[in-house]
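Structure record follows, encoded as structure tokens.
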Number of protein chains: 2
Amino acid sequence: MSDLTLPIASFSPLYEQIKAMILASLQASEWLPGDAIPSEMELAARYAVSQGTVRKAIDELAAQNLLVRRQGKGTFVATHQEDDWQYRFLRLAPDSGEKFHLTNQFLSCEKTKASAYVANLLKLKAGDPIIHIDRVQSFAGKPIVFEEIFLPGVRFKGLDLEALHAWHGPVYAFYEGHYATHMVRAEEKIKAVAADEVLSKHLHLKEGAPLLSVERVAFTYGNKPVEIRHARYDTLEQHYENKLN
Amino acid sequence: MSDLTLPIASFSPLYEQIKAMILASLQASEWLPGDAIPSEMELAARYAVSQGTVRKAIDELAAQNLLVRRQGKGTFVATHQEDDWQYRFLRLAPDSGEKFHLTNQFLSCEKTKASAYVANLLKLKAGDPIIHIDRVQSFAGKPIVFEEIFLPGVRFKGLDLEALHAWHGPVYAFYEGHYATHMVRAEEKIKAVAADEVLSKHLHLKEGAPLLSVERVAFTYGNKPVEIRHARYDTLEQHYENKLN
DNA sequence: CAGTGGTCTAGACCACTTC
DNA sequence: AAGTGGTCTAGACCACTGC
């Protein structure tokens with residue numbers, strides 16, 4: 001506390017710099033989701049370092065789920081289009097433990113203007129163009145999830161209900177394919193709330209029934225927030241699962 | 001699917017074996033939480049491998065939060081007694097973003113027998129001895145958390161209200177100090193529920209008010225479940241926070 | 001200054017995938 | 001057989017801590 005000299009970037013190891021360069025290539029779409037990046041030996045030559053140093057950089061990016069290593073094949077840019085990654089961010093699971101396939105129904109997709117609240121989370125200005133999507137997801141015929149999605153209108157220009165209806169698969173795969181936007185990580189804030197009139201109608205519940213409110217902000221490369229998702233889960237026969245380490 | 005030959009331990013790298021040996025030492029309490037383990041060079045000599053191989057083993061254990069590296073000082077066994085780790089498993093945070101200090105009040109601590117449900121989660125038999133603790137936690141004078149804790153009676157022999165009242169600090173630090181039990185990881189299942197009579201009384205709410213139900217199973221070394229904790233959070237002015245990668 | 005963890009290298013070799 | 005990621009080594013040197 002007595003020493004106010006800030007050691008800003010006092011020392012930056014080589015592999016950190018290489019990590020930053022790989023990250024820059026990802027952010028610049030030099031390598032696209034699903035693509036293989038150059039081999040470790042090639043990268044070592046390109047950056048004039050040893051294989052071990054490149055490995056350490058890739059190791060950390062793989063640990064953050066930005067890259068995926070496949071022995072004998074290569075190192076690939078992570079994508080939500082792979083089967084195992086389709087539900088990477090979904091933490092809802094049935095109490096019974098059986099497998100879980102949600103059917104999806106988009107209700108609306110409208111162009112509006114950002115409220116102060118949404119603008120703040122997406123790092124926009126209040127009044128900036130926004131796309132607002134409503135959807136319901138069902139399991140075994142019962143509606144379980146009501147979700148509102150907010151997207152920045154500039155990045156997702158032209159998105160409409162027709163395009164969504166034509167798509168069959170996870171929304172994050174849709175973003176990758178149509179808007180070159182890969183979601184890297186997300187933050188969620190969870191509360192218990194009472195169902196209001198709208199929610200009770202969509203989820204076939206009584207007004208006042210307890211629901212899980214999950215508000216997510218999802219980020220692309222460079223910590224850029226590009227989606228807000230406010231979900232309400234009916235947790236009567238399913239739960240939100242979390243692991244603490 | 002056509003090939004049923006199971007490649008069980010078909011190949012196990014050296015560092016995995018060393019990881020297992022370090023893990024065994026931790027599990028056997030050869031090194032206690034807070035202690036420094038031998039230096040990388042010493043371990044390399046002990047196991048007759050190079051420093052790099054020991055490093056890789058330690059790296060992975062540190063990534064799982066079992067060990068903590070401190071440059072220039074050594075490598076230490078993780079502990080819940082360190083300031084930064086006191087609330088390692090607490091995901092509740094105030095909406096306002098201010099810092100959060102919960103005051104703790106233990107209500108009861110009774111010896112009972114395990115229900116089939118609790119026994120199953122703790123890998124005991126129904127009817128085995130169990131310790132059942134109730135507590136309330138408050139923030140700024142308002143009761144916010146009601147928690148039931150279930151512990152195996154054998155491991156936590158002699159635990160009573162008096163001992164709990166005498167303790168000031170996180171419960172997991174108490175377990176470490178008094179019962180040589182360090183919590184390594186936990187799994188939580190979250191639901192939204194309505195406050196019943198008991199809950200509404202403890203948390204000063206109306207019956208039927210929505211609450212977050214968080215059921216946690218906590219594990220020591222060797223994936224051994226040793227605590228069940230069923231919490232109910234009032235999420236009116238606070239939320240459960242989660243990061244998805 | 002000695003001891004600790006942290007970085008980096010060059011080279012050898014292993015395991016896995018593909019052709 | 002060639003190419004990829006994965007393991008392991010021996011040795012040099014750097015950064016940080018504490019005596």
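The chains referred to below are lettered A, B, ... by the order of the sequence lines, with proteins before strands, and numbering in each begins at 1. Basis for what follows: all heavy atoms, side chains included, without hydrogens, waters or symmetry-related copies.
Note: Y179(B) and F156(B) have tilted aromatic rings, judged against thresholds of 30 and 60 degrees for the angle between ring planes. Ring orientation note: the planes of H178(B) and W167(B) are nearly perpendicular, at an angle over 60° on the 30°/60° scale.
Between I131(A) and F150(A) the shortest side-chain heavy-atom distance does not fall below 4.5 Å.
By the side-chain contact (heavy atoms from CB on, under 4.5 Å) test, A163(B) pairs with D160(B), F174(B), sequence neighbours left out. Listed by chain and residue number, E147(A) satisfy the salt bridge (Lys or Arg N to Asp or Glu O under 4.0 Å) test with R135(A) (two or more places apart in sequence, or in another chain). In this view, K19(B) and E16(B), A57(B), E60(B), L61(B), Q64(B) satisfy the side-chain contact (heavy atoms from CB on, under 4.5 Å) rule, not counting sequence neighbours. Residues satisfying the salt bridge (Lys or Arg N to Asp or Glu O under 4.0 Å) test with E148(B), not counting sequence neighbours, are R232(B).
An OP1 or OP2 oxygen of dT18(C) is reached within less than 4.0 angstrom by a side-chain nitrogen or oxygen of K73(A).
Atom C1' of nucleotide dC13(D) and atom CE of M41(B) are separated by 11 Å, given to the nearest angstrom.
A donor-acceptor pair shorter than 3.5 Å can be found between the side chains of Y240(A) and N242(B).
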Report, as a single string ordered 5' to 3', how protein heavy atoms within less than 4.0 Å touch nucleotides 6-12 of chain D: B base, S sugar-phosphate only, - not at all.
BBSB---
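Using a 4.0 Å cut-off on heavy atoms, none of the residues of residues 24-37 of chain A approach DNA chain D.
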